[in-house]
Amino acid sequence: MSNNQPRIILHVDMDYFFAQCEEREHLELKGKPVVICVYSGRGGGAVSTSNYEARKFGIKAGIPISRAKKLKPDAVFLPVNMELYRSISDEVMEILRGYCTILEQESVDEAFCDITGRVSGFDEAKLLAVRIKEDIRQKVGLTCSAGVAPNKLIAKIASDFQKPDGLTVVKRDEILQFLVPLKITDLTGVGKKTGERLNELGVKTIGELSKLSADELIREFGQAKGIWLKQASQGIDDSPVVEREGTEQIGRITTLKEDTKDSNLIYEVIDGLSDEVYKKLETRKLSFKSVTFVAISTDFKTHTKTHTLGAPAKDLETIKESARRLAKLFLEEHPVTLRRVGVRVANLTEAKGQKTLGNFENGNKKR
DNA sequence: TGCACCCTGATGTT
DNA sequence: TCATGCATCAGGGTGCA
């Protein structure tokens, strides 16, 4: 895709999405601090997201619920209600689809739109963005923040630049001055770990990052990431907006009631998780070709074990048996105590008509 | 030797 | 500090022509 046509990309990011959905459903929440929680089943858990009232007290995504409760005991604490957020997300995406030729839904609350063919330039693009925001506000009842730029990388950073209910337009010749003062972690793809390593190299801003040579970055981060960092620091990104077929993998993970190394207990949990993964697959009519057992030990290290089948399958038994077998192997190899376990399927394909696919080599298995 | 595929842990985000 | 659940990706390994 090396055509020279300058692109215009719009990135839309719903504001504090989960919490805003709850505000829409429960009007009495407006103005109160709202905290959306993922409970672990053993009393603890983490904050999934919070509204701006809650953020004023330091309650943000990722912190333990216990800490959030200390920061603001009388905030409203609600469990995640994914079904609600999905259906609202669908409403939003449907609106966006009406405005762009290609829509790339990045997650439940974010999407890229290629609007190159829909507008004559950035001024018109800005007007279109305003209209889309207004449309979403009226039809869905939620605010979002938007970024308009010549590529996905900059559009995404731009949508994050002014929040909530923001709109930031970055034209081609404004990219460098826009990026230079930003923190390196404002680059999508640079998180805590990469940020720390860059700090050690004396780099704190994107401007400073752009001064490092590609060679230096490759030495430090390897070929692919090194080149990516160099390009990103200069605002270069050619990746196209692509309609996503669907997810590549589907999984479920849970925290055990208590830490254990008891395989029978773990098998029980695996069966339950397999059921849920199977349900998700079924509703989306997908087959899988590999099964992964995920284990997180008490020291919070993540371990995985994967088995790839000879041919795609779509039945529950295959998930359960594979996951159990993988767990057994894992426990034999690693005598550690587990805190969390998960089951994941990948290599997904559309489950066309096939009934059951029992034809993979699993002959010598103990029953 | 080159390539395709597989497995694993790291990473990002919420 | 206390530490959910989910997805994607790159590096290195492995097997085969």
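Labels below follow one simple rule: chain letters A, B, ... track the order of the sequence lines, proteins then strands, and each chain is numbered from 1. Every value quoted in this text rests on a predicted model; they were computed, and no experiment measured them.
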Exercise for review: Describe the nucleic acid contact of A:Thr188 in one word from base, sugar-phosphate, nothing, applying a heavy-atom distance below 4.0 Å.
Suggested key: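 Sugar-phosphate, backbone atoms only, no base.
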
Is there a side-chain polar atom (N or O) of [X] under 4.0 Å from OP1 or OP2 of [N]?
| X | N | value |
| --- | --- | --- |
| A:Arg339 | C:dT4 | yes |
| A:Thr194 | B:dG12 | yes |
| A:Arg252 | C:dC6 | yes |
| A:Lys301 | B:dG9 | no |

Check your understanding: Where the side chain of A:Asn151 meets the backbone of A:Gly235, is there a donor-acceptor pair that is under 3.5 Å apart?
Key ->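 Yes, the answer is positive, given that a donor and an acceptor are paired below the 3.5 Å cut-off.
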
Review point. So which one's nearest nucleotide on DNA chain C is more toward 5', A:Pro64 or A:Thr254?
Key: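 Between the two, 5'-proximity favours A:Pro64.
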
Point to revise | Pairwise 5' ranking along DNA chain C for A:Ile250 and A:Gly44, keeping only the more 5' one | key: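 On the 5' side of the pair lies A:Gly44.
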
Review point. Hey, are A:Thr255 and A:Ser40 close enough side-chain-wise for a donor-acceptor pair under 3.5 Å?
Key: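 A:Thr255 and A:Ser40 do not have a side-chain donor-acceptor pair below 3.5 Å.
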
Practice item. Scan side-chain atoms only and decide if A:Asp315 and A:Thr318 contain a donor-acceptor pair under the 3.5 Å cut-off. Key: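 The answer is yes; a qualifying pair exists.
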
Review point. How are the rings of A:Phe112 and A:His11 set to each other: parallel, tilted or perpendicular (split at 30° and 60°)?
Key: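 The rings of A:Phe112 and A:His11 sit tilted, inter-plane angle from 30° to 60°.
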
Review point. What is the distance, rounded to the nearest whole Å, between atom CZ of A:Phe293 and atom P of B:dT8?
Key: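 So the CZ-P distance, A:Phe293 to B:dT8, works out to 12 Å.
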
**Study point:** Rounded P spacing from C:dA3 to B:dG12 in Å
**Key:**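 22 Å, rounded to whole Å.
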
